[in-house]
Amino acid sequence: MNFALIHNTDMSAGMAYKIARVVYAESGAQSLCGVEALTSMIKNLSDASGRCFSDLISDKMIFAALSEKSCRHERMYVQPTNRGFQMCLRVAKRMLRGGLKDSCYGAQRFHHADVMPDWARARGYIADIDGMLFYL
């Protein structure tokens, strides 16, 4: 009997986990609406900037939860079986397949309502979803 090693060339599963982890850390998976908005913002920013998803989701200037100083950083270590994380994962997979509608009105940046970054001071937000403010 001959066996052949099969290589999985579909990298989207790994990317979906990375996106879901960042979305979970930032949103806390409070609601499907917030998870979809943040995930669609990632897609909008990628489309507008030409940056790949892996580059965007590792940018601490976009996602404060990546910084060890962030109060949301501990969420980066969520167990993959966590129900909220599983919701984020389903939404990330849907986005990667092209099936996620833009639920943040074209936004390409966001921050949490409890902080005011310098870049946001001269701008008006276009949506407030689960305490996350979204900007064009």
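These values consider heavy atoms only, across backbone and side chains, with no hydrogens, waters or symmetry-generated copies.
Two different hydrophobic clusters hold V115 and V22 under the rule that ILVMFWY side chains link at heavy-atom gaps under 4.5 Å.
Considering only heavy atoms from C-beta on, L38 stays 4.5 Å or farther from C104 through its side chain.
Across all non-hydrogen atoms, the minimal contact from P117 to H111 is CD-CG, 3.5 Å. Scanning all heavy atoms of the two residues, the minimum distance from A29 to C88 falls at CB-SG, 4.1 Å. Of all non-hydrogen atoms in N82 and V78, the two that sit nearest each other are CB-CG2, 3.5 Å. Here the shortest heavy-atom pairing between C33 and I129 reads SG-CG2, 3.7 Å. Pairing each heavy atom of L45 with each of I62, the nearest pair is CD2-CD1, 3.6 Å. Nearest heavy-atom pair across M41 and A107 is CG-O, 3.5 Å.
In this structure a side-chain-to-backbone donor-acceptor pair under 3.5 Å is present from Q86 to P80. Proximity of a side-chain donor or acceptor of S67 to a complementary backbone N or O of A64 within less than 3.5 Å is not detected. Side-chain atoms of D130 never come within 3.5 Å of backbone atoms of M132 as a donor-acceptor pair (strictly under, hydrogens ignored). One N or O on the side chain of R75 and one on the backbone of A25 form a donor-acceptor pair closer than 3.5 Å. Of the possible polar contacts, one joining the S46 side chain to the R51 backbone as a donor-acceptor pair under 3.5 Å is found. S40 places no side-chain N or O within 3.5 Å of a backbone atom of D102 that could act as its donor or acceptor partner.
Screening residues 42-66 for ring-ring contact (aromatic ring centres under 6.0 Å, His included) gives F63-F110 as the qualifying pairs, with residues at least two apart or on separate chains.
Hydrophobic cluster membership of Y125, counting Ile, Leu, Val, Met, Phe, Trp and Tyr whose side-chain heavy atoms lie under 4.5 Å apart directly or via other members: W119, L133, Y135. Residue M116 is found outside any hydrophobic cluster, as its side-chain heavy atoms come under 4.5 Å of no other Ile, Leu, Val, Met, Phe, Trp or Tyr.
For the pair R109 and F134, the NZ or CZ position fails the cation-pi test of under 6.0 Å to the six-membered ring centre and within 45 degrees of the ring normal.
Aromatic ring pairs are classed by plane angle as parallel below 30°, tilted from 30° to 60° and perpendicular above 60°; the pair Y17 and F85 is tilted.
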Legend entry - Stepwise side chain to side chain contact (heavy atoms under 4.5 Å, CB included) test for V23 and V91: CA-CA 10 Å; V23 169; V91 172; over 6 Å; no

Legend entry - Full working for side chain to side chain contact (heavy atoms under 4.5 Å, CB included) between Q30 and V35: CA-CA 8 Å; Q30 291 181 33; V35 168; over 6 Å; no

Inset, instruction - Go through the steps to decide whether K18 and D55 satisfy the test salt bridge (Lys or Arg N to Asp or Glu O under 4.0 Å), and finish with yes or no. - result: CA-CA 11 Å; K18 291 175 183 176; D55 182 38; over 6 Å; no

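Note that CE of M95 and CZ of R90 are 15.5 Å apart. Values are rounded to the nearest 0.5 Å. A distance of 13.5 Å separates OG1 in T39 from NZ in K93, rounded to the nearest 0.5 Å. To the nearest 0.5 Å, atom CG of residue L136 and atom CZ of residue R123 are 8.0 Å apart. Residue M15 holds its CE atom at 7.5 Å from CG of L96, rounded to the nearest 0.5 Å. Of the inter-residue distances, the one linking Y24 atom OH with M87 atom CE reads 9.0 Å to the nearest 0.5 angstrom.
For E74, the CD atom sits in a loose shell: 12 or fewer heavy atoms of surrounding residues, nucleotides or ligands are nearer than 6.0 Å. Crowding of R83 atom CZ: a count of heavy atoms from other residues, nucleotides or ligands under 6.0 Å not exceeding 12.
A salt bridge is defined here as a Lys NZ or Arg NE, NH1 or NH2 lying under 4.0 Å from an Asp or Glu carboxylate O, and E36 with R94 meets this definition.
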